Amino acid sequence: MNNLLKIGFIKVGVWSLYNSHIQFSLTSHVSEKGVLYSFVSNNEIKYIGKTTQTLSNRMKGYQKPGSTQLTNIRVNDKIKTLLGHGLPLEIYILPDDGLLKFGD
């Protein structure tokens with residue numbers, strides 16, 4: 001976790017569980033595109049991903065995955081499991097300072 005902070009990741013939100021459905025809340029960078037993001041529980045990195053769409057839209061994919069979106073379904077289940085056990089789940093991002101590059 002400390003390594004994430006050292007390279008510039010910042011906390012921008014949290015996941016919550018309401019009536020067996022997960023919900024995210026972002027406090028900043030809602031419309032940020034081209035970011036790396038991480039889900040962290042009790043200072044332990046649980047997931048790292050990247051998105052070229054807005055952060056909000058990417059989180060919506062995890063919140064309500066489509067029937068063919070296997071990664072979103074898998075991550076949704078893991079988020080529900082963590083939150084169902086009463087563990088916190090925070091959302092961190094590494095904002096793009098113009099130097100991030102995905103793929104070729």
Side-chain angles (χ1 to χ4, degrees):
M1 174 62 200
N2 286 335
N3 288 337
L4 285 183
L5 298 175
K6 283 180 186 176
I7 62 172
F9 274 77
I10 57 172
K11 182 179 173 185
V12 296
V14 296
W15 284 100
S16 304
L17 186 64
Y18 294 102
N19 299 326
S20 75
H21 296 287
I22 61 171
Q23 294 182 329
F24 67 92
S25 173
L26 297 173
T27 57
S28 66
H29 296 79
V30 174
S31 299
E32 189 86 17
K33 292 182 178 181
V35 297
L36 293 176
Y37 59 90
S38 181
F39 299 154
V40 176
S41 182
N42 289 334
N43 290 319
E44 183 179 331
I45 299 166
K46 297 297 185 179
Y47 187 79
I48 293 180
K50 66 177 176 13
T51 185
T52 56
Q53 56 187 306
T54 67
L55 182 62
S56 180
N57 282 343
R58 185 66 193 106
M59 296 303 108
K60 287 177 187 175
Y62 294 129
Q63 183 174 304
K64 294 183 181 180
S67 61
T68 61
Q69 297 173 321
L70 300 181
T71 298
N72 289 356
I73 292 169
R74 180 176 50 83
V75 173
N76 177 287
D77 288 340
K78 291 185 179 287
I79 292 171
K80 281 183 184 175
T81 299
L82 277 171
L83 296 175
H85 286 101
L87 296 171
L89 191 59
E90 302 167 324
I91 303 167
Y92 285 78
I93 67 161
L94 179 62
D96 183 7
D97 59 2
L99 299 176
L100 290 178
K101 182 178 178 184
F102 303 127
D104 295 335

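Only a predicted model underlies this, so the values are computations on that prediction, with no experimental measurement involved.
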> For the side chain of Asn43 and the backbone of Met1, is there at least one donor-acceptor N/O pair under 3.5 Å apart?
Replying inline: no
>> Could you report the tightest heavy-atom contact between Asn42 and Pro88, atom names first, then the distance?
In response: OD1-CG, 3.4 Å
>> Taking Leu83 as the starting point, is it possible to reach Tyr18 by hopping between hydrophobic residues whose side chains are less than 4.5 Å apart?
In response: no
> What distance separates Ser38 OG from Ile91 CD1, expressed to the nearest 0.5 Å?
Replying inline: 10.0 Å
>> Counting only heavy atoms from other residues, nucleotides and ligands, does the tally under 6.0 Å from NZ of Lys46 exceed 12?
In response: yes
> Say you draw a straight line from CG of Asn76 to NE2 of His21; how long is it, rounded to the nearest 0.5 Å?
Replying inline: 10.0 Å
>> Is there a side-chain contact between Leu94 and Val35 in this structure, where contact means two heavy atoms from C-beta onward sitting under 4.5 Å apart?
In response: no
> So how far is it from Ser41 OG to Leu89 CG, rounded to the nearest 0.5 Å?
Replying inline: 6.0 Å
>> Within this structure, what is the CD1-OH distance for the pair Ile45 and Tyr92, rounded to the nearest 0.5 Å?
In response: 10.0 Å
> Taking C-beta and beyond as the side chain, do Arg74 and Leu70 meet within less than 4.5 Å on heavy atoms?
Replying inline: no
>> Would you say that Leu36 contacts Phe9 through its side chain, given a criterion of any heavy-atom pair below 4.5 Å between the two side chains?
In response: yes
>> Could you see if Tyr47 belongs to whatever hydrophobic cluster contains Ile73? Use Ile, Leu, Val, Met, Phe, Trp, Tyr and a side-chain cutoff under 4.5 Å.
In response: no
> Are the ring centres of Phe24 and Tyr62 closer than 6.0 Å?
Replying inline: no
>> What's the separation between atom CG in Leu55 and atom NE2 in His29, rounded to the nearest 0.5 Å?
In response: 9.0 Å
> Any side-chain heavy atom of Met59 sitting closer than 4.5 Å to one from Phe39?
Replying inline: yes
> Between Thr52 (side chain) and Gly34 (backbone), is there a donor-acceptor pair under 3.5 Å?
Replying inline: no
>> How close do Arg58 and Gln53 get, counting heavy atoms only, and between which atoms?
In response: CD-NE2, 3.7 Å
>> Checking the side chain of Thr54 only, and the main-chain atoms of Glu32 only, is there a donor and an acceptor separated by less than 3.5 Å?
In response: no
> Lys64 and Gln69: which non-hydrogen atoms are nearest, and at how many Å?
Replying inline: O-OE1, 4.5 Å
> Could you give the distance from CG (Asn57) to OG (Ser31), rounded to the nearest 0.5 Å?
Replying inline: 8.5 Å
>> If you compare all heavy atoms of Pro65 against all heavy atoms of Asn72, which two are closest, and at what distance to 0.1 Å?
In response: CB-CB, 3.4 Å
>> With a 4.5 Å cut-off on side-chain heavy-atom distances among I, L, V, M, F, W and Y, is there a chain of contacts connecting Val14 to Leu82?
In response: no
